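Ligands are counted one by one from 1 in listed order, and the atoms in each one are counted from 1 as well. Fair warning: this is a prediction, and the values are worked out from it, not measured in the lab.
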Amino acid sequence: MNINQNYLKLENSYLFFTIAKKVQEYSAANPGVKILRLGIGDVTLPLVPAVTEAMQRAVTEMGEAEAFRGYGDYEGYPFLRQAVCGYYAGKGVKLEEDEVFISDGAKSDLGNILDIFSEDNAVLIPDPVYPVYVDTNIMAGRKITFISGNAANGFLPLPDGRSDIIYLCSPNNPTGAVYNREQLKLWVDYALERDAVILFDGAYEIFVQDGGLPTSIYQIDGADKCAIEFCSLSKTAGFTGTRCGYTVVPRALIRGGESLNKLWLRRQSTKFNGVPYIVQRGAEAVFSDAGMAQIKNNIGYYLENAKNIAKTLAELDIWFTGGKNSPYIWLKCPGNMTSWEFFDFLLEKIGVVGTPGAGFGANGEGFFRLSAFGKQEDVTEAMRRIRSVMEKD
Ligand code: PLP
């Protein structure tokens, strides 16, 4: 037998392993120092009451003979798909229920969607970006072209070169940069012209506060004919451990004479058996009035952290993007340090942990990601320590 040789082409994921190892060593050598973690992309606030109450009701139903449910629909229960359509209607986007597919999160769908595309498609991926796009394409043996995000373009690269599959992530992980309508329109026009498909990752859309910025690619004319959108309740509502997301595949999206919506349904009904009823009831509650108000409170908490970090960096005259409509702040390492040099500097001098930008692509070298998902008191203390060491240095 032969293994998939493409797996051998994957780069080892040293990033989080190396971070954990360095932090462990520092912690052993400095037992009295409270380590402040601003590197994680995981949330820290618990699920909101509207969600846990809905899930508790669903648990009770599952123990009652009349209410018990076995296998659900592969694409998700109608009540949740309708709730997602209602959420999009609030953004001015009209979706039909059968254009929404419920999943166990955006990561799986972002990887699985490649099943419906031929392996000889050219792939365009911004650099730096969420590493899953790169690795899932390497696993399938596709040719990847990188498009450069940098300080000059605000880490928001615009169309260039030839491609069939285009990844866009806005608000971006790791840079926190957000495309505006004009920029997204350029991408949509480019995809329509070339018959390409945009895979739009909106995992952080809830963080967009500026009403003029798009929170869905379908707010751009023509996007329903060239884009698939991936969303997640992980950061929106603290579902990182609970697992629920949704993917929109418009019926108007036709390639090679075939409906991609139909191909995706075929793929999901063959390889996926749906998300637990209890989780889907919790997810439905996210979109209720009470649920939305509660999660917006949590988002406000994280955005307060982001503001605190951004203010500190601005006062220290350190270049950064993000932090306004995003939980991530992407900064230029001071004193021309490399990403890992700055990582070591923060850890060793003040016990603060961030994420080296080099872990998100070649263009991330010399940059650094701070996350706003920590506890407010920890972020405040981390900023106090950063000020003390940067002002001194
Ligand atoms: N997309 C981006 C840009 C992310 O940063 C993440 C998680 O960090 C995901 C998708 C994955 O989300 P999920 O937890 O829904 O799988």
Hydrogens and angles aside, do D104 and S108 bring a side-chain donor and acceptor to less than 3.5 Å of each other?
yes
Kindly confirm or rule out an N or O of Y328 lying under 3.5 angstrom from an N or O of ligand 1.
no
Report yes if some N/O of Y133 lies less than 3.5 Å from some N/O of ligand 1; otherwise report no.
no
Derivation and outcome, salt bridge (Lys or Arg N to Asp or Glu O under 4.0 Å), residues E284 and R281:
CA-CA 5 Å; E284 179 192 25; R281 279 294 183 200; 2.8 Å; yes
Within ligand 1, which atoms have a heavy atom of A106 less than 4.0 Å away?
10 (C), 12 (O), 13 (P), 15 (O), 16 (O)
Can you find an N or O of S108 that's nearer than 3.5 Å to an N or O of ligand 1?
no
How about Y328 and F207: are their ring centres within less than 6.0 Å of each other?
no
Residue, atom and distance of the protein heavy atom nearest atom 14 (O) of ligand 1 read S234 OG, 2.6 Å
Is it true that S170 and N172 share a donor-acceptor pair across their side chains at a distance under 3.5 Å?
no
Going by the 4.0 angstrom heavy-atom rule, the piece of A203 near ligand 1 is side chain
Taking atom 15 (O) of ligand 1 as the reference point, the nearest protein heavy atom with its distance:
S232 OG, 2.6 Å
Can you report which non-hydrogen protein atom sits closest to atom 7 (C) of ligand 1, along with the distance?
K235 NZ, 3.4 Å
Heavy-atom contact under 4.0 Å between C169 and ligand 1?
yes
Looking only at protein heavy atoms, which one is nearest to atom 9 (C) of ligand 1, and what is the separation?
Y130 OH, 3.2 Å
Given that the side chain starts at C-beta and the backbone is N, CA, C, O, which of these parts of F239 lies under 4.0 Å from ligand 1, counting heavy atoms, or is it both or neither?
neither
Is it true that the side chains of Y77 and R81 contain a donor and an acceptor less than 3.5 Å apart?
no
Close approach of D201 to ligand 1, heavy atoms, under 4.0 angstrom
yes
Verify whether one side chain among E99 and Y88 offers a donor that lies under 3.5 Å from an acceptor in the other.
no
Minimum heavy-atom distance between G359 and P131, given as atom pair plus value:
O-CG, 4.1 Å
Using modelled atom types and a 3.5 Å cut-off, is there a donor and acceptor pairing between side-chain atoms of Y133 and backbone atoms of I166?
no
Could you tell me which atoms of ligand 1, counted from 1 in the order shown, lie closer than 4.0 angstrom to a heavy atom of Y204?
2 (C), 3 (C), 4 (C), 5 (O), 7 (C), 8 (O)
Please determine, by modelled atom types, if Y130 and Y167 share a side-chain donor-acceptor pair under 3.5 angstrom.
no
